[in-house]
S.K.: 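Structure incoming, see below.
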Amino acid sequence: MLKRHGPAKAVPCLRFESYVFGVNKKTAAQTAPILAYQTVLRPALPCVYGPVEYRQMRERFVEIDGLLEKGGIENAFVRAAWSEHACELEGASAKALERFTRTSALALRCNLARAITGLGFRDFAVRAAESGVMQWFLRISEVDRVKAPGKSSLERFSKWVKEETMSEVHLKLVKQASKPARGAAPQPLGLAEPVEITEVFLDSTCLKATLHFPVDWVLLRDAARTLMKATVLIRREDLKQRMPQEPLRFLSDMNKLAMAMSANRRRPDAKQQRKRTLRQMKRLEKKIARHARAHRDLLAAHWAQTELSEKQAQAILRRIDNVLTQLPAAIKQAHERIIGGRQVAHAEKILSLYEPQVEVLKRGKAGAEVEFGNKLWLGETPDGLIVDWALLDKSQTDSMLVQPCLKRLRQKMKIDIQQVWGDRGLFSKANEKALAGCGVKSGLCPRDPAELQRRLAQDHGFRDGLRRRGGTEARIAIFKAGFTGSPCRAKGFPARSLTVAWAVLAHNLWVLARLKLTQDRHAAQAA
């Protein structure tokens, strides 16, 4: 039940007039309910004489809180969330709609704060319960109690909306940030000067996935570990099939063979010894698979007799099925490469049993000659605002990504792009022709040194633009290290893609908060 502390007029009411994107307001008013909830009376932030890093962090969270309210970002997110869950909420009571609205607002703030702090679900749950700043920002601190979300709630919040919904919310933020003040109407976000979005600096990077270096025989060890640990969970529920030894003993035997495989490479007869060890691993792996399949069938038939919930049982079954489905191909891959000495086609390679949509990116970077993950495409403005992004499930050359980016910016986001900057990897004659046809000035660095020297001599602003483009490398490093994580913790390509969308929104709010604080500071000094 909603608790009020003090007079009702002292507690503001957040009102979200819901509509479905693409439907006009008159039609939406007839079909969509009014989403509103009574906010709690937040205690004032405590006066803490901490280090400068704490004060900066506190100032930015306060500014982000203001940006969410002034720019209508929280409003837009709640409306978009309702549009996505409209079928589930059809016929819901006013109390259920209020609960959904409150939870959606909490999900927005939790996801933003978690992306900014870079913490996982468990660590952020602890941070939210002990930090006064986090409690104030999340609006979970009431006069008499603090009700912090747990790690399971945070995990559910991370999947609250789809990536398409996040794109709509991000578009609203960019529009609000670039809109100038007109007459008596102030700048929507309270900025002294709007953000310039007519120029965009493009580059790509690799968003690493959480997997170890893909070694063929290590895949067999991973399969054994997953199957036997799942078997242990099943046997704990008194669902047992006859086994010659305990499941973890099988895992111990596989670990011994894995260590022998690693040590054999230093022996004079390394090739023969590794073949012999792999044959032993194959025999043991097939035996492990038979026991895991028997326990899997037992759980599928009798899970109702255990203390496991249906979702827990399904999770164990999916875990076993995922490995058993890929195990024959993993055994064949190791056999072909180690025993047969033959290459395996790239399209048929298994890099990870748990991350199927992972690419091998050979970028030739220092300390990262080969990276495993997905190509991440980013486009930023001169002020550091990310206006375009894309996580690719299938890698493409950078030059092929320029025109789709321009199409997204001009047609979907309705941004009047006037100039595009990029390194040599983005340059191509087709891109130059496409940019010229759209009336967009090209700042792509030519691959021909003679052409580059000619452009530098004729265009005096070209050198400055390329120098500024170098800062995009730093922007990518900040984005990956501070917001998505490197490697990204999310499992599966759809989850990683959604994580990137949340990270972009959190990053841009962080940048805008810093920009506003800087502008306010300069205005105070000028006065």
S.K.: Show, in sequence, the C-alpha distance, side-chain angles and deciding distance for Arg109 and Glu74, and conclude whether the salt bridge (Lys or Arg N to Asp or Glu O under 4.0 Å) test is met.
M.R.: CA-CA 9 Å; Arg109 291 174 176 266; Glu74 189 172 23; 3.2 Å; yes
S.K.: Once side-chain contact (heavy atoms from CB on, under 4.5 Å) is applied, do any residues pair with Gln411, and if so which ones, sequence neighbours excluded?
M.R.: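 Checked Gln411 against side-chain contact (heavy atoms from CB on, under 4.5 Å); matches are Lys407.
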S.K.: Give the table of side-chain donor-acceptor pairs shorter than 3.5 Å for residues 85-93, with sequence neighbours excluded, one pair per line with atom names and distance.
M.R.:
residue	atom	partner	partner atom	Å
His85	ND1	Glu88	OE1	3.3
His85	NE2	Trp160	O	2.8
Ser93	OG	Ala96	N	3.3

S.K.: Between the side chains of Lys516 and Asp520, is the shortest nitrogen-to-carboxylate-oxygen separation below 4.0 Å, so that they form an ion pair?
M.R.: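 Salt bridge between Asp520 and Lys516, a charged N being under 4.0 Å from a carboxylate O: yes.
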S.K.: With sequence neighbours left out, write down each residue that passes ring pair (Phe, Tyr, Trp, His ring centres under 6.0 Å) with Phe124, or none if nothing qualifies.
M.R.: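 With neighbours one apart ignored, the set is empty.
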S.K.: Search all heavy atoms of Ala128 against all heavy atoms of Leu138 and return the closest pair with its distance.
M.R.: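 Minimum heavy-atom contact is CB-CD1, 3.9 Å.
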S.K.: Please collect all salt bridge (Lys or Arg N to Asp or Glu O under 4.0 Å) contacts where either partner lies in residues 185-206, sequence neighbours excluded, each pair once.
M.R.: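 Qualifying pairs: Asp203-Arg469.
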S.K.: Just to verify, what does Phe213 make a ring pair (Phe, Tyr, Trp, His ring centres under 6.0 Å) with, not counting sequence neighbours?
M.R.: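 Scan of Phe213 (ring pair (Phe, Tyr, Trp, His ring centres under 6.0 Å), adjacent residues dropped) gives Phe372.
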S.K.: Run the ring-ring contact (aromatic ring centres under 6.0 Å, His included) test on Phe483 and Trp389 for me, step by step, so that the C-alpha distance in whole Å, both residues' side-chain angles and the decisive distance to 0.1 Å come before the verdict.
M.R.: CA-CA 14 Å; Phe483 294 90; Trp389 79 92; over 10 Å; no
S.K.: Is the number of heavy atoms from other residues, nucleotides or ligands under 6.0 Å of His212 NE2 greater than 12?
M.R.: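 For His212, atom NE2 is crowded (more than 12 foreign heavy atoms under 6.0 Å).
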S.K.: Who pairs with Lys172 by side-chain hydrogen bond (donor to acceptor under 3.5 Å, both in side chains), at least two apart in sequence or on another chain?
M.R.: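 Lys172 satisfies side-chain hydrogen bond (donor to acceptor under 3.5 Å, both in side chains) with no residue once adjacent residues are dropped.
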S.K.: Verify salt bridge (Lys or Arg N to Asp or Glu O under 4.0 Å) between Arg318 and Asp321, making sure each step is shown before the conclusion.
M.R.: CA-CA 5 Å; Arg318 285 196 303 269; Asp321 290 342; over 6 Å; no
S.K.: Dump the intermediate steps for side-chain contact (heavy atoms from CB on, under 4.5 Å) on Val358 and Phe493, then the final yes or no.
M.R.: CA-CA 8 Å; Val358 169; Phe493 178 81; over 6 Å; no
S.K.: Please determine whether a side-chain nitrogen of the Lys or Arg among Asp459 and Lys441 lies less than 4.0 Å from a carboxylate oxygen of the Asp or Glu.
M.R.: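 Salt bridge: yes.
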S.K.: Per the side-chain hydrogen bond (donor to acceptor under 3.5 Å, both in side chains) rule, what does the pair list look like for residues 120-136, sequence neighbours excluded?
M.R.: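 Checked against side-chain hydrogen bond (donor to acceptor under 3.5 Å, both in side chains) - neighbours excluded - no pair reaches residues 120-136.
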S.K.: For residues 173-186, which side-chain donor-acceptor pairs fall under 3.5 Å, sequence neighbours excluded?
M.R.:
residue	atom	partner	partner atom	Å
Lys175	NZ	Met413	O	2.8
Lys175	NZ	Lys414	O	3.1
Gln176	NE2	Gly71	O	3.0
Ser178	OG	Val174	O	2.9
Ser178	OG	Lys175	O	3.3

S.K.: Shortest non-hydrogen contact from Ile64 to Ile116?
M.R.: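 So the minimum-distance heavy-atom pair works out to CD1-CD1, 3.6 Å.
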S.K.: Is there a side-chain contact between Leu378 and Phe201 (heavy atoms, below 4.5 Å)?
M.R.: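 A side-chain contact under 4.5 Å is absent here.
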S.K.: Restricting to pairs with a member in residues 478-506, which pass salt bridge (Lys or Arg N to Asp or Glu O under 4.0 Å), not counting sequence neighbours?
M.R.: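 Those involving residues 478-506 are Glu355-Arg496.
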S.K.: With sequence neighbours left out, what residues match Arg55 under side-chain contact (heavy atoms from CB on, under 4.5 Å)?
M.R.: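 For Arg55 the side-chain contact (heavy atoms from CB on, under 4.5 Å) partners, ignoring immediate neighbours, are Val52.
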S.K.: Other residues, nucleotides and ligands only: do more than 12 of their heavy atoms fall within 6.0 Å of CZ on Arg447?
M.R.: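 Counting neighbours around CZ of Arg447, more than 12 heavy atoms of other residues, nucleotides or ligands fall under 6.0 Å, so yes.
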S.K.: By salt bridge (charged side-chain N to carboxylate O under 4.0 Å, His left out), which residues pair with Asp398, not counting sequence neighbours?
M.R.: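 Listed in chain order: Lys375.
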S.K.: Minimum heavy-atom separation for Ser104 to Phe77, with atom names?
M.R.: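 Smallest heavy-atom distance, with atoms named: O-CE2, 3.2 Å.
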S.K.: Which residue pairs pass the salt bridge (Lys or Arg N to Asp or Glu O under 4.0 Å) test with at least one member in residues 156-167, sequence neighbours excluded?
M.R.: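 Residue pairs passing salt bridge (Lys or Arg N to Asp or Glu O under 4.0 Å), neighbours aside: Glu155-Lys159.
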